[in-house]
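Encoded as structure tokens, the structure appears first; notes follow it.
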2 protein chains.
Amino acid sequence: MGTTECPIGKAFSALKGLAHSKPSRREARRDAIMTAATQLFVEKGYGATSLNDVVRLSGGSLSTLYDMFGSKAGLFRAIVTQRCEMMTGTFEDPDIYSRPIAEALSDLGMRCMSVLTSDNTVAVMRSVSSEALQFPELAQVFYEAGPLRGRARVAGYLEEQARRGILTLDSAEEAAMDFCQLIIRDAQMNAMMGLPYPKTPDAIQRHVNRAVGCFLRAYGTAVQTQAAPALPGLLPRMATGR
Amino acid sequence: MGTTECPIGKAFSALKGLAHSKPSRREARRDAIMTAATQLFVEKGYGATSLNDVVRLSGGSLSTLYDMFGSKAGLFRAIVTQRCEMMTGTFEDPDIYSRPIAEALSDLGMRCMSVLTSDNTVAVMRSVSSEALQFPELAQVFYEAGPLRGRARVAGYLEEQARRGILTLDSAEEAAMDFCQLIIRDAQMNAMMGLPYPKTPDAIQRHVNRAVGCFLRAYGTAVQTQAAPALPGLLPRMATGR
DNA sequence: CCCTTAGTGTAATGGTGATTACACTTAAGG
DNA sequence: CCTTAAGTGTAATCACCATTACACTAAGGG
């Protein structure tokens, strides 16, 4: 069809991912290659995957791959940055500010865990750290897309709660880090190394609630509380500022 | 050359069961190869290091290398397990039980950080996670030598303090994990990825104190005021509003 | 001095895999 | 239908590297 012929538009839509209606052959090829390559990199690792493997799985031809990505490294970079972008945005929940803090934190915590232990993220982390020596730039890309952004979101929330007198903090960033660490714990590292970590929604929820309890004991504005903060029972207490 | 008595080398060979006095040429060769290989694996990664590189650096010959380690993978395994063993034992300090808790925890925390951010450990972690797909057994070796042992040590200490009524915990293991995470934070991950993390003793000390404070707020047995802080920077935050 | 054993050097062998070259086939606009 | 450009398949090219083979040297005990 006589849809846009402009090559610039094409390049643009390639970058943006969506834009025009035309899957434009090239798009399709590109996607197929990236999908296949991602799968293989995840399964066997970057080093152990040959481009012939990729092509065999994606269909199409080696020549096209080179035409599109320039080199194996280029393909790798494209995939990692693409998947980093995917990680972003899972933290959005405009609703948290209107909910009781324990509930909101639990929600943030669950999102945090779900992002961090998703196959995609684990794969990215493994790739990035594995190839950190060959592709140092990617660590930066990952850092900005993941930890930095996620933590900023948490910090923003914590700061607001501090303003309301519900939390007591000297630095929202520091507290946000603590929060994230308490949530994540060793799940991140274990996932990367193929060691076990909590996987069922149930186990995760239980773990998150525990972590939230711990965090609130450390940062909740002091009322002399130590009584077991089973999550639901934790809510009422917040009414009295200090 | 240098066949003069090296007590350390001797102790090493004693470990292996061959208690005989000879540093035996072979020992020396073995050490030289492992040292060289370690350096290269750390610098360039396992995949990017060729055995010829190793031999070029260590002196000696490829044949001997094969005679001793059987294959590249064998050499890798030998190195990783050796360095895992090195990680163990840095946590020993029989003295902690007699000191104020904040001080003891700070000490544990410092040890923890120093083990975790040592070049050696970072290298091991990077190697293990990089090659997790090819050598899944190594993850286990690492886990038992590192996190498991370290945490057990911390848990033991915490348990005792709970018995004394200084801490309140439902599970010493859980609390120990929380402690370790608060200490380590993202230093571990960042180190692996080549991103920045606190390096100067001063920065580390400051960070550890902060983390210990946080931990004690969460797990210290509740009294109106936090148990006497023996460390500067550990002062209770209750007083300081913002 | 001879023999054995461990260690050395060098040069195959064999395989793998990134990258390129090239001749061929589509797709589709004009 | 013809032309052009993109996409395809296959087979080179070129390196690199683990692994092995082999002929050689050093050391030390007898």
Side-chain angles (χ1 to χ4, degrees), chain A residues 1-11 13-14 20-37 40-41 43-79 131 134-135, chain B residues 1-3 13 16 18 20-37 40-41 43-79 131 133-135:
Chain A
M1 284 300 169
T3 6
T4 33
E5 223 10 65
C6 150
I8 297 165
K10 229 162 156 188
S13 76
H20 282 238
S21 46
K22 195 157 139 198
S24 91
R25 211 167 184 66
R26 198 166 177 86
E27 284 298 319
R29 277 312 57 219
R30 195 186 165 87
D31 279 2
I33 291 174
M34 288 188 69
T35 308
L40 290 172
F41 285 164
E43 274 169 17
K44 328 199 307 180
Y46 173 74
T49 303
S50 87
L51 294 184
N52 281 312
D53 291 347
V54 173
V55 169
R56 204 170 306 126
L57 183 60
S58 72
S61 84
L62 197 50
S63 319
T64 327
L65 191 161
Y66 269 90
D67 186 44
M68 282 171 169
F69 299 98
S71 71
K72 191 183 182 186
L75 175 57
F76 183 69
R77 271 183 261 267
I79 287 178
E131 310 305 325
Q134 281 182 73
F135 306 92
Chain B
M1 55 193 73
T3 38
S13 73
K16 302 221 75 184
L18 300 171
H20 257 80
S21 48
K22 236 198 309 198
S24 91
R25 225 176 177 61
R26 198 168 177 85
E27 284 298 321
R29 273 321 47 226
R30 194 185 165 87
D31 279 2
I33 291 174
M34 287 187 69
T35 308
L40 291 172
F41 286 164
E43 273 168 17
K44 327 199 305 179
Y46 173 74
T49 303
S50 87
L51 294 185
N52 280 312
D53 290 346
V54 174
V55 169
R56 205 170 304 126
L57 183 60
S58 72
S61 83
L62 197 51
S63 320
T64 327
L65 191 161
Y66 269 91
D67 187 42
M68 283 171 170
F69 300 99
S71 70
K72 191 182 182 185
L75 175 57
F76 184 69
R77 270 183 263 266
I79 288 178
E131 309 305 325
L133 295 163
Q134 279 182 77
F135 305 93

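Only this structure's heavy atoms are used, side chains among them; waters, hydrogens and symmetry mates stay out.
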note: B:Tyr66, atom OH; C:dG7, atom P; distance rounded to Å ~ 17 Å
Here the distance between atom P of C:dG17 and atom CG of A:Leu40, to the nearest Å, is 12 Å
Residues at least two apart in sequence or cross-chain that pass side-chain contact (heavy atoms from CB on, under 4.5 Å) with B:Thr35, listed by chain then number, are none
Rounded to whole Å, the CE-C1' distance (A:Met68 to C:dT19) equals 18 Å
Here the distance between atom P of C:dG17 and atom CG of A:Leu75, to the nearest Å, is 16 Å
Rounded to the nearest 0.5 Å, the CG atom of B:Leu57 sits from the CD1 atom of B:Ile33 at a distance of 11.0 Å
So the salt bridge (Lys or Arg N to Asp or Glu O under 4.0 Å) pairs with at least one residue in residues 49-64 of chain A (sequence neighbours excluded) are A:Lys44-A:Asp53, A:Asp53-A:Arg56
Residues in residues 48-64 of chain A with a heavy atom under 4.0 Å of DNA chain D, by number, are A:Gly60, A:Ser61, A:Ser63, A:Thr64
A:Phe69 CZ to D:dG7 C1', in whole Å, measures 14 Å
The side-chain contact (heavy atoms from CB on, under 4.5 Å) partners of A:Phe76 (sequence neighbours excluded) come to A:Phe41, A:Tyr46, A:Val80, A:Ser127, A:Glu131, A:Phe135, A:Leu138
Taken to the nearest 0.5 Å, the spacing of B:Met68 CE from B:Glu27 CD works out to 8.0 Å
With five pairs defining each end axis, the helix from C:dC1-D:dG30 to C:dG30-D:dC1 comes out bent, to 10°, by 10°
To the nearest angstrom, the OH-P distance between A:Tyr46 and C:dG17 comes to 13 Å
Residues at least two apart in sequence or cross-chain that pass side-chain contact (heavy atoms from CB on, under 4.5 Å) with B:Ser63, listed by chain then number, are B:Ser61
Atom CZ of B:Arg29 and atom C1' of C:dA6 are separated, to the nearest Å, by 12 Å
Looking only at atom types and distance, does a side-chain atom of A:Lys72 sit under 3.5 Å from a main-chain N or O of A:Thr49, one as donor and one as acceptor? yes
Residue set satisfying side-chain contact (heavy atoms from CB on, under 4.5 Å) with B:Ser71, at least two apart, ordered chain then number -> B:Ala73
Sorted by chain and number, sequence neighbours left out, salt bridge (Lys or Arg N to Asp or Glu O under 4.0 Å) with B:Asp67 holds for B:Arg26
In whole angstroms, the gap separating P of C:dA6 from CD1 of B:Ile33 amounts to 15 Å
